[in-house]
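Report on the structure given below.
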Amino acid sequence: MDTIKQYISENKERLLAELIALLKIPSVSADSKYKKDVLKTADFILESLKKAGCDKVELCETPGYPIIYGEKIIDKNLPTVLVYGHYDVQPADPLELWDSPPYEPVIKKTEIHPEGAIFARGSCDDKGQMFMHVKALEYMTSKGKLPCNVKFMIEGEEEVGSESLSWFVPRNKEKLANDVILISDTGMIANDIPSITTGLRGLSYVEVEVTGPNRDLHSGLYGGAVANPINVLTKMIASLHDENNHITIPDFYDKVEDLSTSERAEMAKAPFSLNDYKKALDIDAVYGEKDYSTNERNSIRPTLDVNGIWGGYTGEGAKTVIASKAYAKISMRLVPNQDWKEITQLFKTHFESIAPKGVKVAVTPHHGGQGYVTPIDNVGYKAASKAYETTFGKTPIPQRSGGSIPIVALFEQELKSKTILMGFGLNSDAIHSPNEHFGIWNYLKGIETIPYFYKYFTELSK
Ligand code: BES
Ligand code: MN
Ligand code: MN
């Protein structure tokens with residue numbers, strides 16, 4: 001199948017231009033201001049699946065944003081690959097930190113991407129990675145190289161918790177029936193160190209509100225005599241970790257699986273430079289749970305982080321005031337076996353219990369989801385591994401990721417199939433951040449590698 005390389009080189013400009021057109025539509029699912037654009041993006045995906053050779057495409061209405069479904073069934077006796085991705089993106093703010101506007105894609109070279117990278121919101125997460133699958137399908141159908149059946153399911157609410165997809169999947173089990181689920185919405189270690197993501201963390205996201213006196217107070221007249229909600233909130237938050245950076249919520253670690261010494265040794269073999277890591281982030285030291293390495297801290301261990309904190313006076317100059325209220329948004333990344341609803345409840349009970357007299361505390365859960373691990377001895381993983389070997393000339397390293405795609409656990413539960421996470425992004429691609437980008441090399445490498453997955457998966461399934 002050396003013609004995929006040829007196809008890419010003959011069509012390179014078009015493959016890039018089409019992705020750029022997709023990136024120009026600001027499909028921010030979190031902000032209703034962009035509703036029209038999100039819907040326009042759904043139509044764009046529908047059209048591109050049609051053009052890529054799907055026999056049937058559908059815009060499936062849901063309580064929220066539509067799910068785009070497409071399929072090409074060539075023979076009921078052959079295996080079926082279900083591709084999942086998302087067409088929504090994170091908000092682009094803070095806009096002033098972008099070097100070029102987020103929805104006006106530009107190609108620039110970087111140290112890590114000497115062939116150039118496309119800078120735009122969603123370029124890596126997930127429009128660019130999802131679109132690789134559409135283009136790989138286009139190649140396979142147009143050249144008569146599709147070896148099995150394929151279904152696509154592309155949603156528009158991943159960045160806000162996949163609520164509509166959680167509604168859709170259990171109602172459409174037959175339609176979505178498959179032998180393996182294929183997703184490119186994660187990353188790899190480096191362009192010369194391919195890796196396959198074998199795990200995702202779960203998530204529990206909560207908001208807390210601490211209320212003190214019923215109104216803002218003069219900090220001279222009342223300071224020292226009443227509980228200051230900001231002082232109290234920060235003290236409560238600080239108490240959630242002990243001196244070893246262990247989380248102090250009772251029973252929080254009960255279901256956390258401890259990896260064996262040999263599993264940890266295996267993990268430690270993945271290439272990693274602490275110096276480069278520190279340099280890239282301009283920090284003089286790493287920080288985290290005692291007795292765990294950086295790569296363990298960000299993958300196999302659960303975490304608790306404040307994502308935002310506010311209250312009181314933050315305007316120009318000084319205002320002497322004790323605020324009536326203080327707030328924080330807190331995320332907990334969870335590992336497999338930790339149940340996100342249970343953890344949310346543990347957090348709530350604990351946080352309420354540590355509130356001192358003089359304040360009221362309210363904990364509001366947002367979204368969440370379960371973690372995921374996939375074994376590496378199944379046909380799907382083996383096919384992916386062989387595909388990377390073919391196009392990278394190296395065996396990919398299995399690696400658990402710290403990020404979350406909560407819907408993956410639901411796929412396994414409802415559709416009873418394994419998910420293979422073939423991510424082609426890099427941690428330095430700045431997803432969710434200003435100046436998000438995706439390497440052109442990575443985009444094309446993805447398109448090149450995907451057809452081999454289909455080929456090997458079909459062969460190994462026999
Ligand atoms: N694609 C990411 C998740 C990801 C990125 C996993 C890189 C592994 C490596 C996804 O779009 C995402 O941002 N997920 C959210 C959770 C979601 C419920 C908002 C996350 O991980 O914060
Ligand atoms: Mn994503
Ligand atoms: Mn994301």
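For the single chain, residues carry numbers from 1 onward in sequence order. Counting starts at 1 for both ligands and their atoms, in listed order.
Looking only at protein heavy atoms, the nearest one to atom 16 (C) of ligand 1 is S404 O, 3.6 Å. E159 O, 3.6 Å is the protein heavy atom nearest to atom 19 (C) of ligand 1. In terms of protein heavy-atom proximity, atom 6 (C) of ligand 1 is closest to G403 CA, 3.7 Å.
Excluding waters, the protein N/O/S atoms found under 2.8 Å from the Mn ion (ligand 2) are H86 NE2, D125 OD1, D185 OD1, D185 OD2.
Between R201 and ligand 1 there is no heavy-atom distance shorter than 4.0 Å.
Less than 6.0 angstrom separates the ring centroid of F392 from the ring centroid of W441. When ring centroids are compared, H246 and Y253 come within the 6.0 Å threshold.
When only interatomic distances are considered, the shortest N/O to N/O separation between T186 and ligand 1 does not fall below 3.5 Å. Of the polar atoms of Q90, none of the N or O atoms is found under 3.5 Å from an N or O of ligand 1, judged by distance alone. Residue contacts with ligand 1: S401 is placed with no nitrogen or oxygen under 3.5 Å of a nitrogen or oxygen of the ligand (distance criterion only). Below 3.5 Å of separation, one finds no N or O of H367 facing any N or O of ligand 1.
More than 12 heavy atoms of other residues, nucleotides or ligands shown are found within 6.0 angstrom of NZ on K278. Shown here is I20, whose CD1 atom has more than 12 heavy atoms of other residues, nucleotides or ligands within 6.0 Å.
Taking every heavy atom of H86 and a limit of under 4.0 angstrom, the matching atoms of ligand 1 come to 11 (O). Less than 4.0 angstrom separates some heavy atom of E158 from each of these atoms of ligand 1: 10 (C), 11 (O), 12 (C), 14 (N), 17 (C), 19 (C). Close approach of ligand 1 to R333 (heavy-atom distance below 4.0 Å) involves ligand atoms 20 (C), 21 (O), 22 (O). Heavy-atom contacts of I431 reach the following atoms of ligand 1: 5 (C), 7 (C) (cutoff under 4.0 Å). Residue P406 approaches ligand 1 through these ligand atoms, each under 4.0 Å from one of its heavy atoms: 18 (C).
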*List the steps and the verdict of side-chain contact (heavy atoms from CB on, under 4.5 Å) for V83 and M130.*
CA-CA 9 Å; V83 176; M130 175 263 293; over 6 Å; no
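A donor-acceptor contact under 3.5 angstrom links the side chains of H133 and S184, judged on distance only. Between E163 and H367, the side chains place no donor N or O within less than 3.5 Å of an acceptor N or O (distance only, hydrogens not considered). Y69 and E71 are linked by a side-chain donor-acceptor pair at a separation below 3.5 angstrom, with hydrogens and angles left out of the test.
A cation-pi arrangement is not found for R297 relative to Y292, the charged atom failing to lie both closer than 6.0 Å to the ring centre and inside a 45° cone about the ring normal. For the pair K394 and Y388, the cation-pi criterion (under 6.0 Å, within 45° of the ring axis) is not fulfilled.
The option with the heavy atom closest to atom 1 (N) of ligand 1, from among T197, D185, L200, D126, is D185.
What you find for A120 and S123 is that their closest heavy atoms are O-OG, 2.9 Å.
Among D179, T458, V180, T80, the one residue that satisfies the side-chain contact (heavy atoms from CB on, under 4.5 Å) test with C148 is T458.
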Distance-only criterion, 3.5 Å: show the donor-acceptor pairs between side-chain atoms of residues 420-432 and protein atoms not counting sequence neighbours.
unit_1	atom_1	unit_2	atom_2	d
D429	OD1	H113	NE2	3.0
D429	OD2	L426	N	2.8
H432	NE2	D125	OD2	3.0
H432	NE2	E159	OE1	3.3
H432	NE2	E159	OE2	3.4

